[in-house]
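Below is one structure, written out as structure tokens, with a few remarks after it.
Residue numbers begin at 1 in each chain, while the letters A, B, ... track the order of the sequences.
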There are 2 protein chains.
Amino acid sequence: MAESTTGRERIVAAALRILDAHGLADLTMRRLAAELDVRASALYWHFESKQVLLAAVADRIVRAAAVAEDAEPADVALALRDALLAHRDGAEVVLSTQALALGEDMPRRRLAAALARALPQDEADGGAAILVPFVLGHASLAQQRLQAAQLGLVAPVDEHDDFRHGVEVILAGLGAPVARARQASRG
Amino acid sequence: MAESTTGRERIVAAALRILDAHGLADLTMRRLAAELDVRASALYWHFESKQVLLAAVADRIVRAAAVAEDAEPADVALALRDALLAHRDGAEVVLSTQALALGEDMPRRRLAAALARALPQDEADGGAAILVPFVLGHASLAQQRLQAAQLGLVAPVDEHDDFRHGVEVILAGLGAPVARARQASRG
DNA sequence: ACCTGAACACCGTTCAAGT
DNA sequence: ACCTGAACACCGTTCAAGT
């Protein structure tokens, strides 16, 4: 049911546009409303608070991670990272929203599912509980550093290889097979 | 030089009091100034912005991690985690400040130093680059979940064992010896 | 069902001026 | 050296009222 463009979807899409163009600090209810040619108070008919709206934005960021059904754990982790970095301040939005149990729990479930094909279920769950904080923490730090580097405040680093190495170390520690992931798409 | 209670130190201490009592959302320049019986504008003589002030707060949170010179890597990670969780919203403050290169780089250096006693220097550096995002990410998520649990929004989890397990998996993946850490101080 | 108008109780920051 | 007073340009949220 429901078209692809319900009221909430339009608002979330506008929020992502502001995020990309101006960053989280500029994503205010008033600015978002202006983007939609509406007053800020109108948004409260669709979302009960800014926090809930941000959870919906986080949801959409995470949902954009394209992962094949049978993807290797390392590929799931890389796809999640790409999705977090696809929008300015995306990692921060997802991280700050994740634990509130509002913004779905998809990253953990996808990682656990991928791990479960190589490990007993409880070890797969435990592994996901390690990979999720690593992915979110790394993406958060990487994104801040990338933005600082764009302002010339800091020397740029190759966060991508760094991230992949981390995932491989964790998988090795879990005793899971570390398949060489798809071709290196250095970013 | 400098007494233990310079102007900046007093302000940072007051900020930590507000953090503990009311959380990051209530840590405003106006409230902080009121705590010190001063107007908000006075704070700008000591700190050029709220962001820089928060970096100083993060610095102090991290510096409180008590680690012996010869501590095992796992103990350093646990001490950092304890320091982050010692103040309300502490992990978030440190995480959001860390990458700006303002809030010192101590966690990484301490972990790298501990790892360097068991691994070649470059592997120790690489290991620290994995442990730091894990520690910050895990503490951030754990702290949000703990606070949500206090509000009865979510079932409480034993984040402590979860964290230790993650550290052990990462150390195992690095090929570092995983010493059994000091007595379990389940919290 | 969806939005406006107006208000409430706030923000971070700047800067002349005081002591 | 350190602080006040006053202002500027904003915030998130509520709620009666409109269509």
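- For R30(A) and L43(A), each mapped to the nucleotide of DNA chain C holding its nearest heavy atom, the one lying further toward the 5' end belongs to L43(A).
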For this session: Take V167(B) and L78(B), measure what side chain to side chain contact (heavy atoms under 4.5 Å, CB included) needs, and give me the verdict at the end.
Result: CA-CA 9 Å; V167(B) 171; L78(B) 282 161; 5.8 Å; no

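- Under the Watson-Crick and G-U wobble criteria, each requiring two contacts below 3.5 Å, nucleotide dA17(D) is left unpaired.
- Note on residues 21-34 of chain B: no pairs pass salt bridge (charged side-chain N to carboxylate O under 4.0 Å, His left out), not counting sequence neighbours.
- The partner of dG12(C), taking Watson-Crick or G-U wobble pairs whose two distances both stay under 3.5 Å, is dC8(D).
- Residue D26(A) is the one, among S41(A) and D26(A), whose nearest nucleotide of DNA chain D lies closer to the 5' end (criterion: closest heavy atom).
- Counting heavy atoms from C-beta on, the side chains of D105(B) and Q98(B) come closer than 4.5 Å.
- For R63(A) and D59(A), the salt-bridge test passes: some basic side-chain N is under 4.0 Å from an acidic carboxylate O.
- In the 5' to 3' direction, nucleotides of DNA chain C lying under 4.0 Å from heavy atoms of chain A begin and end at dA1(C) to dA7(C).
- Contact check for E92(A) versus Q144(A): no side-chain heavy atoms found under the 4.5 Å cut-off.
- Of the candidates Q143(A), R81(A), R145(A), R145(A) is the only one forming a side-chain hydrogen bond (donor to acceptor under 3.5 Å, both in side chains) with E159(A).
- dC10(C) and dC8(D) have their C1' atoms separated by 15 Å, with the value rounded to a whole Å.
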